Undergrad: 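One structure, as structure tokens, below. Some questions next.
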Amino acid sequence: MEQGVIDVESLAGGIDLQATVESGQSYLWDRDDGEMYQRDGATGGDAWYWTTVRRDGSPAVIRVRQRDGVLEWESTIDAKADLKRLLRLEDNLSAIRKTAPDDDVVQSAYDTFWGMRLVQDPPFGSLISFICSAQMRVARIHSMQQALRDAFGEEVEFDGRTYNAYPTPSALAETTEARLRDLGLGYRAPYVQRTAEMVATGEANPGEAVGLDYEDARESLTRFVGVGDKVADCVLLFSLDYLEAVPLDTWIRSTIEEYYPECERGNYTDTSRAIRTALGGEFAGYTQTYLFHYLRTGSNED
DNA sequence: TAGATACCTTATAG
DNA sequence: ACTATAAGGTATC
């Protein structure tokens, strides 16, 4: 086992590990007590490990916890570079916050979850996760990804336990809609199977969007089955490094209605442009994620 | 092109 | 206990 420590003081703006991995950006981390997402009010992040399995290259288990001012990690590999990418440890939170509007709701969201970072998930896992997210609660999206890993993911041994990597595109391409429905995916089952097929055959790959202008990248991702503008924005923001992407989900739509009514333009593209500008442009997605987590957890109702 | 509707399943509220 | 409702929407008509 390899292990290491990352000093929180060394990170610009620090980190809140629990908020980062439980805020509905990533569904690829498991809390070691198995109770992830069960109760939003529950805190105790100083005691919990979160574990993920990196799949590119050979599968590698990575687990990390935060306590006493450090991130402690243990892994089958030297995981420092992976953690830096997965948890966006090089983002300067203070600089990013300075780009956010000086509204009460935005500033309260930043205050409440200060240290929360965006994630940078592997593209395929992010794509499938957010296809599954349609009309779903955060806790169930997470359990669906666990089910996919348990059913189709490669096994990896670590520290006396067996973990499953996220399924490969071909593993999901080769299964059936019926099998995926049995796992509880509902009408998302054919979307997942057909999208996996597109990736497995080489017809399209989510990573290809990188390098395109933001709106072209979003359009490009909607080629996948089950991917509309909202899911495309999630993949851009939480996997492909487009920090300006603002997914227009039910929460941000109600935020627009209540706090930014002038940004409602009647269609996704124009409303997206308006709210993106209102939230500061370049890092608008960061602010969106703070708002989402703040409102979804009811932290504004105290 | 814009608008309405069906869609799986389950946790939660009443 | 039982029903209605909503959950980080998309595809189709």
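The structure presented is a predicted model; accordingly, all values stated were derived computationally and were not measured. Chain identifiers are assigned alphabetically (A, B, ...) following the order of the sequence lines, protein sequences preceding nucleic acid strands; residue numbering begins at 1 within each chain.
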Undergrad: For a quick check of understanding: with a heavy-atom distance under 4.0 Å over all strands, which category does F292(A) fall into, base, sugar-phosphate or nothing?
TA: base

Undergrad: What are the residues of residues 270-288 of chain A, sorted by number, that bring a heavy atom to within less than 4.0 Å of DNA chain C?
TA: Q288(A)

Undergrad: Atom CD of E177(A) and atom P of dT9(B): how far apart are they, to the nearest Å?
TA: 10 Å

Undergrad: Once the angle between the rings of Y27(A) and H142(A) is folded into 0 to 90°, is it parallel (under 30°), tilted (30 to 60°) or perpendicular (over 60°)?
TA: tilted

Undergrad: Quick one: is R181(A) getting a side-chain N or O under 4.0 Å of the dC8(B) phosphate, OP1 or OP2?
TA: yes

Undergrad: For the side chain of R137(A) and the base of dT10(B), is some donor closer than 3.5 Å to an acceptor across the two?
TA: no

Undergrad: Measure the shortest side-chain to side-chain distance between R296(A) and D249(A) over non-hydrogen atoms and say whether it is less than 4.5 angstrom.
TA: no

Undergrad: Between dC7(B) atom P and I131(A) atom CD1, what is the distance in whole Å?
TA: 21 Å

Undergrad: When you compare dC2(C) with dC8(B), how far apart are their P atoms, in angstrom units rounded to a whole number?
TA: 26 Å

Undergrad: Less than 3.5 Å apart, any donor N or O on the side chain of T287(A) or Y110(A) sitting next to an acceptor on the other?
TA: yes

Undergrad: Rounded to the nearest angstrom, tell me the gap between atom CD1 in I141(A) and atom P in dA11(B).
TA: 14 Å

Undergrad: Classify the angle between the aromatic ring planes of Y166(A) and F124(A) as parallel (below 30°), tilted (30 to 60°) or perpendicular (above 60°).
TA: perpendicular

Undergrad: Over how many whole Å does the gap from R296(A) atom CZ to dA6(C) atom P extend?
TA: 18 Å

Undergrad: With rounding to whole Å, what would you report as the distance between dT5(C) and dT5(B) at their P atoms?
TA: 16 Å

Undergrad: Looking only at side-chain N and O atoms, does Y294(A) offer a donor or acceptor that is under 3.5 Å from a partner on D111(A)?
TA: no

Undergrad: Send over the distance from R140(A) CZ to dC8(B) P, rounded to a whole Å.
TA: 14 Å

Undergrad: Is the closest side-chain donor-acceptor distance between Y187(A) and Q135(A) under 3.5 Å?
TA: no

Undergrad: Ignoring hydrogens and angles, state whether a donor on the side chain of R97(A) or Q107(A) is under 3.5 Å from an acceptor on the partner side chain.
TA: yes

Undergrad: Taking only N/O atoms, report every protein-nucleotides 9-11 of chain C pair under 3.5 Å with atom names and distance.
TA:
from    : atom 1 : to      : atom 2 : distance (Å)
dG9(C)  : OP2    : Q135(A) : N      : 3.3
dG9(C)  : N7     : Q135(A) : OE1    : 2.6
dG9(C)  : N2     : Y187(A) : OH     : 3.1
dT10(C) : OP1    : G228(A) : N      : 2.8
dT10(C) : OP1    : G228(A) : O      : 3.3
dT10(C) : OP1    : V231(A) : N      : 3.0
dA11(C) : OP1    : G226(A) : N      : 2.7
dA11(C) : OP1    : V227(A) : N      : 3.4

Undergrad: Roughly, in whole Å, what's the span from CD in Q145(A) to C1' in dG8(C)?
TA: 13 Å

Undergrad: Testing the 3.5 Å rule here: is there a donor-acceptor pair between the side chains of Y260(A) and D103(A)?
TA: yes

Undergrad: Ring of W251(A) versus six-membered ring of dG8(C): centres under 5.5 Å and planes under 30°?
TA: no

Undergrad: Find the runs of at least 3 consecutive base pairs, i with j, i+1 with j-1 and so on, that include DNA chain C, using Watson-Crick or G-U wobble geometry with both distances under 3.5 Å.
TA: B:3-7 with C:9-13, B:9-14 with C:2-7

Undergrad: How far, in whole Å, is dA6(C) from dC7(B) if one measures between their C1' atoms?
TA: 14 Å

Undergrad: I'd like the P distance from dG8(C) over to dA6(B), given in whole Å.
TA: 23 Å

Undergrad: Roughly how far apart, to the nearest Å, are dA11(B) and dT10(C) at atom C1'?
TA: 22 Å

Undergrad: Is D32(A) salt-bridged to R65(A), cutoff N-O under 4.0 Å?
TA: no

Undergrad: Any side-chain heavy atom of W73(A) within less than 4.5 Å of one from D82(A)?
TA: no

Undergrad: Heavy-atom distance under 4.5 Å between the side chains of L172(A) and V199(A), does that happen here?
TA: no

Undergrad: Take atom CG in D104(A); do more than 12 heavy atoms of anything else shown fall under 6.0 Å from it?
TA: no

Undergrad: I'd like the C1' distance from dA11(C) over to dA2(B), given in whole Å.
TA: 15 Å

